[in-house]
Amino acid sequence: MLDPQLLRTDLEHVAGRLAMRGYHLDIENYAALEARRKELQTKTEELQAERNTRSKSIGQAKARGEDIEPLLAEVGRLGDDLKAAKEELEKVREHLDHLALDMPNLPAGQVPEGHDESDNEEVRRWGEPTALAFEPRDHVEIGEMLEGIDFEVAAKLSGSRFAVMAGDVARLHRALAQFMLDMHIREHGYREMYVPYLVLDSAMQGTGQLPKFAEDAFATSDDPTRYLIPTAEVPLTNLVADEIVDADRMPLKFVAHTPCFRREAGAYGKDTRGMIRQHQFDKVELVQIATADTAEDCHEALTGHAEAILQALELPYRVMLLCAGDMGFSARKTYDLEVWLPGQQAYREISSCSNFGDFQARRMKARWRNPDTGKPELVHTINGSGLAVGRTLIAVLENYQQRDGSVIVPEPLRDYMGGRERIPLPGD
RNA sequence: GGAGAGGUGGCAGAGCGGUUGAAUGCACCGGUCUUGAAAACCGGCAAGGGCUAGCGCCCUUCGAGGGUUCGAAUCCCUCCCUCUCCGCCA
């Protein structure tokens, strides 16, 4: 949510920045509603103040043993007027709230203009695209040869966009998640968290998935409705919802390994082959809760933590600064990490690291107490994948594939694979 | 699932329907004292919103939502959550 103060004082500027990311804000409509709100609020508060003073004087008169009948008569229909004013104010408020929840975050100053991923800026590159001395197979072929990934049997169970993994590939998938978690805990100072995979709509609203993107999430049919988390960002970030965090604990750094569930409602026909885009996938998620003046640094650091995994696995990647049009709803600045996939001969997103400023914090009422002022201030939230486990598995399979279809196990994963150095073909 | 207890400020914990936005303690901030620290003492200290150039004034908030009343933290209803005991269970 944007600062309502900013919307009141600098509406045109806000509208301009929102236009950068393709959001049209109807200035006149908003200004009119806001004026109406102000008028009604003033009126309501005046009526309330009058009621309060009169009621108080009734109490005092009664305490002195005076006759309160005439006073009661005076109050008359004050209550009815007040009730009517309140109801009208509530309607306008709801309308404004709805608009506010619908508005995406403002892009940060450094964010390039643009509409889609073609306008993203490459910030840096690590490693060279893997050169294979043979025609590279993609992970679907490799998975088949290893009898390690089965999309058909998954479709039987669950329909499209699911996978069943088996044997060494399943183990490699687990190894990756373990390795990532351990590295973030041991080397990057994150606190490991185990969190619910089903959350209430308040949590989804806190991080910005609701109310606007309900069609992207799986929901339960019980009451209250719960949502399958589309990312651990939701439970991890909402840990501080309605909290006032102690200054000396900042920044909070959380890491969790969870499954993620996405409807992929708008992705018909996109990435239908293989495991790139699934309804269910595992991810190791990093979240930091920071103060306003450290958030930028924390964002850079967190991005580095995600990069460190790719570097340790020696997977070539590049870092992209997303343009305004390609950023997620709640983000003010986002770096995507894109890993090289030999099977596609392309860089593909494997992590997205964003700074949300106070956008999510305002929705969540997440604050910290600034010792300088003694006052609570909104926290800034940052998160990123560190990394998407399924896509990392794909990257390992494709970048470490051998001519015969076997796959070398990257060195840091071998301890997690019982010392194995290679995933052999079945029967080999 | 059955029975009971409870949800109040950063935390703990009081609170007859009417100067209670809320006692008290802790924590925190400032001051006195001290070579320094601690202790002691004095003072301050909720959040959100509106109006104002500012001093400041006003409104709202005691789990959530309704209701009774001139007036609700206090009474009534519904819901949520927590705790204890029993049952069941990974």
Side-chain angles (χ1 to χ4, degrees), chain A residues 1-9 11 30-97 99-101 194-206 220 222-227 235 238-250 252 289 291 358-379:
Chain A
M1 215 156 62
L2 300 177
D3 183 0
Q5 206 69 44
L6 190 66
L7 283 163
R8 272 176 219 137
T9 55
L11 191 55
Y30 189 89
L33 270 170
E34 176 55 31
R36 182 84 182 119
R37 188 224 95 230
K38 194 167 180 172
E39 181 193 332
L40 282 168
Q41 181 166 338
T42 309
K43 182 180 168 191
T44 305
E45 289 185 0
E46 275 170 8
L47 286 168
Q48 276 171 332
E50 189 176 344
R51 182 206 59 191
N52 289 349
T53 52
R54 290 193 184 226
S55 291
K56 194 176 270 186
S57 64
I58 290 175
Q60 289 167 340
K62 202 175 173 188
R64 288 193 298 266
E66 298 170 7
D67 179 18
I68 58 172
E69 278 307 318
L71 289 172
L72 285 180
E74 254 181 74
V75 178
R77 24 188 296 255
L78 196 60
D80 294 337
D81 291 350
L82 180 58
K83 197 172 178 184
K86 260 186 180 168
E87 278 169 10
E88 212 176 338
L89 176 62
E90 193 47 40
K91 256 190 260 170
V92 175
R93 276 240 170 90
E94 268 171 31
H95 202 150
L96 279 167
D97 286 350
L99 284 177
L101 286 173
Y194 174 85
V195 292
Y197 303 157
L198 288 165
V199 296
L200 298 171
D201 64 349
S202 53
M204 292 285 276
Q205 181 167 305
T220 65
D222 60 338
D223 183 28
T225 300
R226 284 174 239 269
Y227 295 85
N238 277 283
L239 288 171
V240 296
D242 293 312
E243 300 285 338
I244 299 179
V245 182
D246 287 338
D248 54 13
R249 295 181 60 210
M250 306 270 283
L252 293 171
I289 308 297
T291 63
D358 59 15
F359 186 86
Q360 295 180 324
R362 189 170 289 108
R363 290 172 162 245
M364 293 189 299
K365 294 187 185 58
R367 296 165 297 173
W368 68 292
R369 196 173 292 280
N370 186 339
D372 294 336
T373 60
K375 296 287 176 194
E377 296 176 10
L378 291 170
V379 300

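Proteins get letters first, then strands, A, B, ... in listed order; numbering begins at 1 in each. Keep in mind that this is a model prediction, so the values were computed, not measured.
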From CH2 of A:Trp368 across to C1' of B:rC28 the rounded distance in Å is 15 Å

note: A:Leu40, atom CG; B:rC51, atom C1'; distance rounded to Å ~ 16 Å

Residues passing the side-chain hydrogen bond (donor to acceptor under 3.5 Å, both in side chains) test with A:Glu243, sequence neighbours excluded, are none

A:Ala61 meets the side-chain contact (heavy atoms from CB on, under 4.5 Å) criterion, sequence neighbours left out, with A:Arg64, A:Glu66, A:Ile68, A:Leu71

Value for CG (A:Asn52) from CG (A:Leu47), rounded to nearest 0.5 Å, stands at 11.0 Å

Span that lies between the C1' atom of B:rG9 and that of B:rG25, in whole angstrom:
13 Å

*asked:* For A:Met364 and A:Asp242: C-alpha separation, side-chain torsions, deciding distance, then whether side chain to side chain contact (heavy atoms under 4.5 Å, CB included) applies.
replied: CA-CA 6 Å; A:Met364 293 189 299; A:Asp242 293 312; over 6 Å; no

Checklist entry - Charged N to carboxylate O under 4.0 angstrom, A:Glu39 versus A:Arg36? => result yes

Judged by nearest nucleotide, the residue sitting upstream toward the 5' end of RNA chain B, A:Pro224 or A:Lys86, is A:Lys86

Note: contacts of residues 45-53 of chain A with RNA chain B (heavy atom, under 4.0 Å) are A:Glu45, A:Gln48, A:Ala49, A:Arg51, A:Asn52

For B:rA14, the nucleotide meeting Watson-Crick or G-U wobble distances (both under 3.5 Å) is none

Main chain of A:Asp248, side chain of A:Asp246: is a donor-acceptor contact present, judged purely on distance under 3.5 Å? no

Rounded to whole Å, CG of A:Asp3 lies from C1' of B:rG48 at a distance of 13 Å

5'-most contact on RNA chain B (nearest-nucleotide basis), A:Lys83 vs A:Gln41, goes to A:Gln41

Output a table of nitrogen or oxygen pairs between the protein and nucleotides 6-11 of chain B separated by less than 3.5 Å.
none

Re B:rU34: Watson-Crick or G-U wobble partner, both distances kept under 3.5 Å, found to be none

Between the CG atom in A:Asp81 and the NZ atom in A:Lys86, the distance rounded to the nearest 0.5 Å is 12.5 Å

Scanning all shown strands, the Watson-Crick or wobble mate of B:rA23 with both distances under 3.5 Å is none

* **Nearest-Å distance once atom C1' is located in both B:rG30 and B:rU20** => 27 Å

Rounded to whole Å, the CG-C1' distance (A:Asn370 to B:rC29) equals 13 Å

When rounded to the nearest 0.5 Å, the distance separating CG of A:Leu239 from CD1 of A:Ile289 is 7.5 Å

The Watson-Crick or G-U wobble partner of B:rG43, with both key distances under 3.5 Å, is B:rC29

When both distances are under 3.5 Å in a Watson-Crick or G-U wobble arrangement, the nucleotide paired with B:rG9 is none

Separation of B:rC51 atom P from A:Leu89 atom CG, nearest Å, is 13 Å

**Asked** On a whole-Å scale, what distance lies between the P atoms belonging to B:rU84 and B:rG13?
**Response** 15 Å

When rounded to the nearest 0.5 Å, the distance separating CG of A:Leu7 from OH of A:Tyr30 is 4.0 Å

If you look at every strand shown and take non-hydrogen atoms under 4.0 Å, does A:Arg362 touch a base, only sugar-phosphate, or nothing?
nothing

Can you check nucleotides 16-19 of chain B for protein contacts, nitrogen or oxygen pairs under 3.5 Å, and list what you find?
| unit_1 | atom_1 | unit_2 | atom_2 | d |
| --- | --- | --- | --- | --- |
| B:rG18 | O6 | A:Lys62 | NZ | 2.9 |
| B:rG18 | N2 | A:Ser55 | O | 2.9 |

note: A:Arg93, atom CZ; B:rU61, atom C1'; distance rounded to Å ~ 13 Å

Rounded to the nearest 0.5 Å, the CD atom of A:Glu34 sits from the CZ atom of A:Arg37 at a distance of 4.0 Å

Under a 3.5 Å limit on both distances, the Watson-Crick or wobble mate of B:rU74 is none

Quick note, salt bridge (charged side-chain N to carboxylate O under 4.0 Å, His left out) partners involving residues 359-371 of chain A, not counting sequence neighbours, are A:Asp358-A:Arg362

For A:Val379 and A:Leu252, what are the C-alpha separation, side-chain angles and deciding distance, and is it a side chain to side chain contact (heavy atoms under 4.5 Å, CB included)? CA-CA 10 Å; A:Val379 300; A:Leu252 293 171; over 6 Å; no

Stepwise side chain to side chain contact (heavy atoms under 4.5 Å, CB included) test for A:Leu82 and A:Thr44: CA-CA 6 Å; A:Leu82 180 58; A:Thr44 305; 4.1 Å; yes

Here the distance between atom P of B:rG49 and atom CG of A:Asp97, to the nearest Å, is 13 Å

From the list A:Lys38, A:Lys43, A:Glu45, side chain to side chain donor-acceptor pair (under 3.5 Å) partner of A:Gln41 resolves to A:Glu45

Could you tell me how far B:rC26 sits from B:rA14 if I compare only their C1' atoms? Round to whole Å. 15 Å

(message) Could you tell me how far B:rG18 sits from B:rU34 if I compare only their P atoms? Round to whole Å.
(response) 49 Å

A:Lys365 NZ to B:rG49 P, in whole Å, measures 10 Å

When both distances are under 3.5 Å in a Watson-Crick or G-U wobble arrangement, the nucleotide paired with B:rA3 is B:rU84

Check: Which whole number of Å gives the distance between the P atom of B:rC33 and that of B:rC28?
Finding: 22 Å

Quote, to the nearest angstrom, the P distance that separates B:rG6 from B:rU74. 15 Å

*asked:* So, OP1 or OP2 of B:rC51: does either fall under 4.0 Å of a side-chain N or O from A:Lys38?
replied: yes

Distance between the C1' atoms of B:rG36 and B:rG44, in whole angstroms? 25 Å

